[in-house]
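What follows is a set of notes on a single structure, which appears directly below.
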Amino acid sequence: MAHNAVHYHNELRRRRAPPSRQPSSTSATIPLTDTSSNGDANVHGNQQERDIQVQWPPVEHQSRASEFYGFVAWTSTYLAFVIYLLWAFLPDEYIIWLGVTWYPNREWAILIPGWSIMTVLFTYFCYFALAFARTPPFDHINSVTDGYAMLPDPQNGAYNAYITSTEPNAIPELYDIPLGMVNRSLNPPRPPRVEQPLRFGILGAAAIAPNALIRPALSHPEVLVYAVAARDIQKAQTYATKHHIPKVHSNYEELLADKDIDVIYNPLPNGLHYEWTMKALEAGKHVLLEKPAANTAEEVRAMFDLAEKKGLVLLEAFHYRFHPAIQRLKAIVDSGELGKIKQVEATMSLPKGHLSADNIRYNYSLGGGCLMDMGCYPMNCVRYLTSSNPASILDVSHELFQPPNSPSDYASNVDKKTVASFVMPNDVTAKITCNFEDPPRLGFIPRLPVLNVAIECEGGKADLYNFIGPSWFHTITVTPRSGRARKEKAYIFSGSDGVGGGQRGEVWWETYRYQLEAFVDRVKGREVRTWVDKEDSVANMDWIEKVYAVSGLGSRPKSTYVSTTQT
Ligand SMILES: NC(=O)C1=CN([C@@H]2O[C@H](COP(=O)(O)OP(=O)(O)OC[C@H]3O[C@@H](n4cnc5c(N)ncnc54)[C@H](OP(=O)(O)O)[C@@H]3O)[C@@H](O)[C@H]2O)C=CC1
Ligand SMILES: O=C1OC[C@@H](O)[C@H](O)[C@H]1O
């Protein structure tokens, strides 16, 4: 024992020692500290020097028993298999000739492997059955979250690279969206409602309402999505059940007449925005109105005039404007750190194939067209970032939507793509691009959506990737002409970077949630820092009409509705 301990200690020391001190011979005599009698000599200070013969490299005294047993097991397995084959297949006379007078009934040669296989299969089956039985359904909350999926809270000092400003030249794009953030956005906390929440009614069982209103409302204590109306009562019923909306109306008029409703959300096709917003205002309701506000600037002005006259809140739902990301980009540009703006370019382009031919967006009489539906965002964005309206139009090009199997002389006035450039005040130029049908690269490589805004200034450039849906992912890249580039993220109003001091927000708030916060504040008469006002909405539609005039497609048809308040 004592010798072994010394030997082991010695080996350790020798292995740790620098190579130059290693003896080159296979055996050496070296002085050692003997710990055999007193434990660790260095600790107890009781050292004894001894000379011990040590073998190098160390002789391995490994038993070969395991190799032997392994060999025996291996050969026995094969032997057993051969015996099994003989038992199963050899005719009786040969077995008897071999001197074997008794052996088990050969049925067992089939039954034993058969049962074994069945046992294995049954075990697998039970395993999967048990797993399925205990897996929550796809629409169960536990399929996407549990008590551990918490988003680190940067306000309490917890670091999360995804939502914090990243290092310059880092590769933040490779981050996954944190699960906690997705969970919080999709399954927001539901605080108790205040005693008198604002009751919202939805016009139409529209596809956008769950994202733009119903989900954001869950986390707003002052909002209750109270009713929905659809042209078909059954459709309204199904929608209400799915989204836990307490009340259903069988037509839009009935919804507007509901005295319990304070606010109307209008996500009807663009061509119906004017009529139903006017009717809602006439009924004394505030209106959250989907973009684009109407088919013509004249209609937009008339709606806002009526809202003003009645003291009601009307907002064109440019949700992206309420998110800190776009406001941070504007703050960077307005701060002058990149010098004077030279050019702004905003793009909203989606891959071909996401819209069917009967979509309202391709329907001229319902206010369809890509410039209306998607182009209104880049139009609004370049005007917002330059704090100005265009002075003139430089150039417009478009591609027309042709319904499938339409005759070659089909006269379409619905654009599936529009590109327009403008002269803005102060020698600034702007370009907007919108595209419903970005074709696959080389005809087969799928495209990603392009939702970008880029600003070129005299002293560098800045851009925001995903300016429309920054709550899910975005990057602000600032590249000064001299100095280091940097990337930023803005999920909440920090107050310290020129953006939204004092404004409420959570990192998981979607653009729509930020928008709802401001809308409710406005209705409640509270101060609102971010807003899309009447002149903004009127000018946006005015320039959309002007682009359509240049492209030769003309404005979308004016509503035939005559308001009771109009003379
Ligand atoms: N803010 C945003 O991010 C987005 C905004 N939008 C805007 O929201 C609006 C609706 O878009 P979306 O939800 O995608 O559209 P949908 O086609 O899903 O919904 C439109 C609703 O309009 C109603 N409607 C009334 N009359 C007609 C008609 N003649 N033809 C078709 N529908 C009719 C239907 O209601 P009913 O149930 O009564 O049949 C339908 O539910 C548009 O203005 C669009 O620009 C759209 C997507 C995103
Ligand atoms: O945000 C949007 O994305 C897709 C569009 O078709 C839609 O109408 C728009 O608001």
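Values below: every heavy atom of this structure, side chains too, minus hydrogens, waters and symmetry copies. The chain is numbered in sequence order, starting from 1.
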Side-chain contact, heavy-atom cut-off 4.5 Å: [X] with [Y]?
X: Arg199; Y: Asp258; answer: no
X: Pro267; Y: Ile202; answer: yes
X: Glu298; Y: Lys558; answer: yes
X: Val287; Y: Tyr265; answer: no
X: Ser185; Y: Trp472; answer: yes
X: Arg383; Y: Asn540; answer: yes

Check: Among Trp508, Phe493, Phe318, Phe322, whose ring pair (Phe, Tyr, Trp, His ring centres under 6.0 Å) with Tyr514 holds?
Finding: Phe493
Check: Looking at the rings of Phe200 and His220, which for Trp means the six-membered one, are their centres under 6.0 Å apart?
Finding: no
Check: Side chain of Glu299, backbone of Thr296: donor and acceptor closer than 3.5 Å?
Finding: yes
Item checked: Trace of the side-chain contact (heavy atoms from CB on, under 4.5 Å) decision for Lys416 with His398 -> CA-CA 7 Å; Lys416 63 177 185 185; His398 67 267; over 6 Å; no
Notebook entry, point to check: Who passes ring pair (Phe, Tyr, Trp, His ring centres under 6.0 Å) against Phe467, sequence neighbours left out?
Noted result: Tyr320
Check: For Phe304, is the NZ or CZ atom of Lys309 found under 6.0 angstrom from the centre of its six-membered ring and inside 45 degrees of the ring axis?
Finding: no
Closer than 4.0 angstrom, basic N to acidic O: yes or no for [X] and [Y]?
X: Glu437; Y: Arg447; result: no
X: Glu222; Y: Arg193; result: no
X: Glu399; Y: Lys352; result: no
X: Glu506; Y: Arg184; result: no
X: Asp373; Y: Arg361; result: yes
X: Arg504; Y: Asp521; result: yes
X: Asp438; Y: Lys417; result: no

Check: At their closest point, which heavy atom of Tyr548 faces which heavy atom of Leu371, and how far apart are they?
Finding: OH-CB, 3.4 Å
Check: Considering all heavy atoms of both residues, which atom of Glu545 and which atom of Ser555 are nearest to each other, and what is their separation?
Finding: OE2-OG, 2.7 Å
If I take atom [atom1] from residue [X] and atom [atom2] from residue [Y], how far apart are they, to the nearest 0.5 angstrom?
X: Leu366; Y: Arg556; atom1: CG; atom2: CZ; value: 11.5 Å
X: His323; Y: Asn466; atom1: NE2; atom2: CG; value: 9.5 Å
X: His286; Y: Lys310; atom1: NE2; atom2: NZ; value: 11.5 Å
X: Ile393; Y: Ser551; atom1: CD1; atom2: OG; value: 9.0 Å

Notebook entry, point to check: Taking atom types as modelled, is there a side-chain donor on Arg231 or Asn251 under 3.5 Å from an acceptor on the other?
Noted result: no
